[in-house]
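To keep things clear, I will list the structure first and then write my remarks on it.
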There are 2 protein chains.
Amino acid sequence: MTLFTPLEQLLGDRLATSDAIRQQNARNEAHFPLAMPDAVAFPETTEEVAAIVRFCAETGTPITPFGTGTSLEGQHLAIKGGISLDFSRMKKVLEINAEDLNVVVQPGVTRTELNEELRATGLFFPIDPGADASLGGMAATRASGTTAVRYGTLRENVLALEAVMSDGSIIRTGTKARKSSAGYDLTHLLVGSEGTLGIITELTLKLHGLPEGIASATCRFPSVEEAVNCVILTIQSGLPMARIELVDEMMVRGFNIHAGSDLPEQPHLFVEFHGSPSGVAEQAQSFREIAEDFGMESWAEANTTEARNALWKMRHGAHFASAALRPGAQYGTLATDVCVPISQLAEAVLQAQADARAAGLVSTIVGHVGDGNFHCAARFDPNDPAEVEAVHAFAGKLNETALRLGGTVTGEHGIGIGKQKYMKAEHGPALDWMRRIKLAFDPKGILNPGKLLPPED
Amino acid sequence: MTLFTPLEQLLGDRLATSDAIRQQNARNEAHFPLAMPDAVAFPETTEEVAAIVRFCAETGTPITPFGTGTSLEGQHLAIKGGISLDFSRMKKVLEINAEDLNVVVQPGVTRTELNEELRATGLFFPIDPGADASLGGMAATRASGTTAVRYGTLRENVLALEAVMSDGSIIRTGTKARKSSAGYDLTHLLVGSEGTLGIITELTLKLHGLPEGIASATCRFPSVEEAVNCVILTIQSGLPMARIELVDEMMVRGFNIHAGSDLPEQPHLFVEFHGSPSGVAEQAQSFREIAEDFGMESWAEANTTEARNALWKMRHGAHFASAALRPGAQYGTLATDVCVPISQLAEAVLQAQADARAAGLVSTIVGHVGDGNFHCAARFDPNDPAEVEAVHAFAGKLNETALRLGGTVTGEHGIGIGKQKYMKAEHGPALDWMRRIKLAFDPKGILNPGKLLPPED
């Protein structure tokens, strides 16, 4: 008889305590140390999740939801031990409501799995972070990605959800109607709460019609400043970009190493247009006219599906391409993701490049600049205190710059473990009201403890 | 020395206790009885709002925010007495950030006042309920209107806000960046909370570029069913409608009386397209092809700015045009605003029409059907118990239908006083978690008491 005997009775061999399985869920792609849960539970139904949470509430056991383990601020890590709640067996697409442009999924379905299921419908789920993350994890971290400039983030694309709350009760929030004014918006309180207020067990997501016409291209600029100023004017002009990604010269070098491309090592924009075939042509022409004003030096279209897929596969490999600039399993990557008002984008990006150079860091810039959001990925040796200090000082300066310019320290990665130290600076007195919500929703502190909210002073 | 002496010392003659001024804020355009506040406060700054709230917290005085008094579920009525917090002296447009497509306003600014201020910028704030409501009130009720099908509701258009909380503390939520994953989404918790969790004292709103091309038209259909099925197919086909409003035969009769129009008394759609001039023409053509498949009998374009303004002025007079079908100050209007998934729209609308006829009610239908949202406005004599019962039975049945079809009892008017009785049916166990938030944010129950949350069983 162990602490977990009741869960073993409930789940059988879907409650794992072996080192191998616990270690699988203890890893991360960022720079955080291994964090071993005491056990990994693999529920198959919402009722099982509720039973597990009731067990955790009764025994004071921490419970940390786990999707694909691709979060970049350690949200999935069971840093206080307890249960890693692994959604890899909750992968059903429950309803495809094509006529209402929505879909109901379990949280373990990944975005590519969903789009595979939707293939015959003419609809798609456009939100696209680099990783093939689970939709539950994407909702929990309010993820976005390359297409948010056109289709919004998970905030704009979750219509309704089901969640298990800290006492094991099951709630449903929102409806399948496109809008509602009926009471407090629990849906959008839970989206982005990183599993600290409730555990998402079902999502109703908006779908979008596959565009008739798609055009993608890469274009090269003489400097980052001109590339970014091109982005600013493009957004201000109201051009409905589907994607507009900045890739700096270091990132290009990383792609050339990792993806075998042979792009000149200069700043690029990777762009995409969605619409009717004639609309897409019109948009591309308008964009090229703006880009030429900023000295665009080349324009290469990716005209076939294969070429387009190769382009975005390369882009989505940015995390590993950055790592390739300083290879070695001993090194970690600190990935920032500030987001600033579009008018401040040039200042933020140039400051980041200058700071990285001044600190002697191997660091790339890539980002969803149409939203004012960009990433620096800096490689460092976690066992070298000087490097650790340098990389954190760099990130800290960048985050301060973002706040000074009216932005946020995280456009899409979330707070997790790594960004708690900026919560007070970003939110000021509002942080106290976030704490009130946490206390009201999870008085025992069992839901993903140690995440999102910084320790009280 | 009275209870309000400290407030008089703070505000001077901006603290009014005269019958005349209290009565101004006690009225409503719906069917609720007069609700007199004990005093009306006219703050000019956030700091004054905070001081008033601190006074209310210390003395246990209820405080009810008041914008223009146009809410339709009594949100602005001080039904427990206390202070009516009137924002008519907080009407500053604080910042117009054209290059970032946003604006910072005080809550008393109305939507037409804001658009007047924006006139020189080429930008506009598109959200458009019928009334010229205050932006603070629109945010507090999560309002929308005719253009939400294209531009979203207040939920999608508030970037950041400032609010005074129940202890008088001032918080700022959100940033001017277009997206963020930094912690709990307090912005969208406060939007739609009807002043029960905090009092909005400043809003940062998204702006949109004025479209180069606009085309509006009215079109007539042989039956409501065919008009609604045209809407359903239009939305499912992804046509980016800027407005698509259903007007049933009774509503047309009301317009003809109230606005002096001479439309045939048949169901109509009022539509509008925004885009480039060629895009608008393309959209209108695509729409007409769909409409013709559903038996469209006429197509009348409103080609000049004057004609367009007249069309939407008529549409925005729907509340008074409905009243004109049964004139007399002694009658009230019960306006419903269910919202259903688009695939269920025909069933909901036809059921509503049949129920109104069966109950012998004078009732119109008009609505933002592109969102699945429509209004029935039923006239009744509040002093005739049989009529009161009939109209509430009608509304109850309609709300039950909306919930059965997967929708919501309120697409845009909010809960206020009138819809509390449906909160349990719509939200189930989630209602308990809304109560937890209210208790955590307003433990003394001073913020707009008696609104949104139904009394506990």
Side-chain angles (χ1 to χ4, degrees), chain A residues 99-101 141-142 144 148 153 155-156 165 169-173 175-186 188-189 191-193 209 236 238 279 339-343 371-373 406-415 419 423 426-430 433-434 436-437 439-441 452, chain B residues 99-101 141-142 144 148 153 155-156 165 169-173 175-186 188-189 191-193 209 236 238 279 339-343 371-373 406-415 419 423 426-430 433-434 436-437 439-441 452:
Chain A
E99 73 273 31
D100 285 317
L101 306 174
T141 54
R142 207 182 291 129
S144 45
T153 73
R155 182 174 71 194
E156 287 78 27
M165 308 305 281
S169 61
I170 300 167
I171 69 168
R172 302 190 78 90
T173 74
T175 73
K176 290 200 179 100
R178 288 169 61 94
K179 64 184 192 184
S180 171
S181 288
Y184 305 149
D185 189 347
L186 295 180
H188 294 94
L189 183 60
V191 168
S193 67
Q236 289 173 350
C339 185
V340 297
I342 195 79
S343 66
D371 294 322
N373 181 209
T408 172
V409 300
T410 171
E412 55 183 14
H413 294 171
I415 298 296
K419 295 218 187 77
M423 284 289 277
E426 177 153 344
H427 297 293
W433 299 81
M434 294 189 193
R436 287 196 191 207
I437 296 174
L439 194 64
F441 273 38
L452 195 143
Chain B
E99 72 274 32
D100 285 317
L101 306 175
T141 55
R142 207 183 290 127
S144 46
T153 73
R155 181 175 71 194
E156 287 77 29
M165 307 306 281
S169 61
I170 300 167
I171 69 169
R172 302 191 77 90
T173 73
T175 75
K176 290 201 179 98
R178 288 169 60 95
K179 64 184 192 184
S180 171
S181 289
Y184 305 149
D185 188 347
L186 295 180
H188 293 94
L189 183 59
V191 169
S193 68
Q236 289 172 351
C339 186
V340 297
I342 195 78
S343 67
D371 293 321
N373 181 208
T408 172
V409 299
T410 172
E412 55 182 15
H413 294 170
I415 298 297
K419 296 220 186 76
M423 284 288 278
E426 177 153 344
H427 297 294
W433 299 81
M434 293 189 195
R436 287 197 192 207
I437 296 173
L439 194 64
F441 273 39
L452 196 144

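Below, read A as the first sequence line, B as the second, and so on, with proteins coming before strands; counting in each chain starts at 1.
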Quiz item: What's the shortest heavy-atom distance between Ala177(B) and Gly407(A), and which atoms?
Solution: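 What the structure gives for the nearest pair is CB-CA, 4.1 Å.
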
Self-check item: Choice from Leu189(A), Val409(A), Val340(A) maximising heavy atom contacts with chain B below 4.5 Å
Solution: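 Ranked by heavy-atom pairs under 4.5 Å with chain B, first place is Val340(A).
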
Quiz item: Taking every heavy-atom pair that is under 4.5 Å apart, which of Thr173(A), Ile170(A), Asn373(A), Leu101(A) has the most such pairs with chain B?
Solution: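 Ranked by contacts with chain B, first place is Asn373(A).
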
Side chain of [X], backbone of [Y]: donor and acceptor closer than 3.5 Å?
X: Arg155(A); Y: Ser181(B); value: no
X: Arg178(B); Y: Cys339(A); value: no
X: Asp100(A); Y: Ser343(B); value: yes

Quiz item: Any side-chain heavy-atom pair from Ser180(B) and Glu426(A) closer than 4.5 angstrom?
Solution: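 Yes, close enough: below the 4.5 Å cut-off.
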
Self-check item: By side chain to side chain donor-acceptor pair (under 3.5 Å) - contacts of Ser144(B) (at least two apart)
Solution: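 With neighbours one apart ignored, the set is Lys179(A), Glu412(B).
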
Quiz item: Who passes side chain to side chain donor-acceptor pair (under 3.5 Å) against Thr410(B), sequence neighbours left out?
Solution: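 Thr410(B): side chain to side chain donor-acceptor pair (under 3.5 Å) contacts with Asp337(B).
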
Heavy-atom distances under 4.5 Å only: say whether [X] touches chain A with side chain, backbone, both or neither.
X: Arg172(B); result: backbone
X: Ser169(B); result: side chain
X: Ile415(B); result: both

Quiz prompt | side-chain contact (heavy atoms from CB on, under 4.5 Å) assessment of Glu99(B) paired with Ile342(A) | solution = CA-CA 8 Å; Glu99(B) 72 274 32; Ile342(A) 195 79; over 6 Å; no

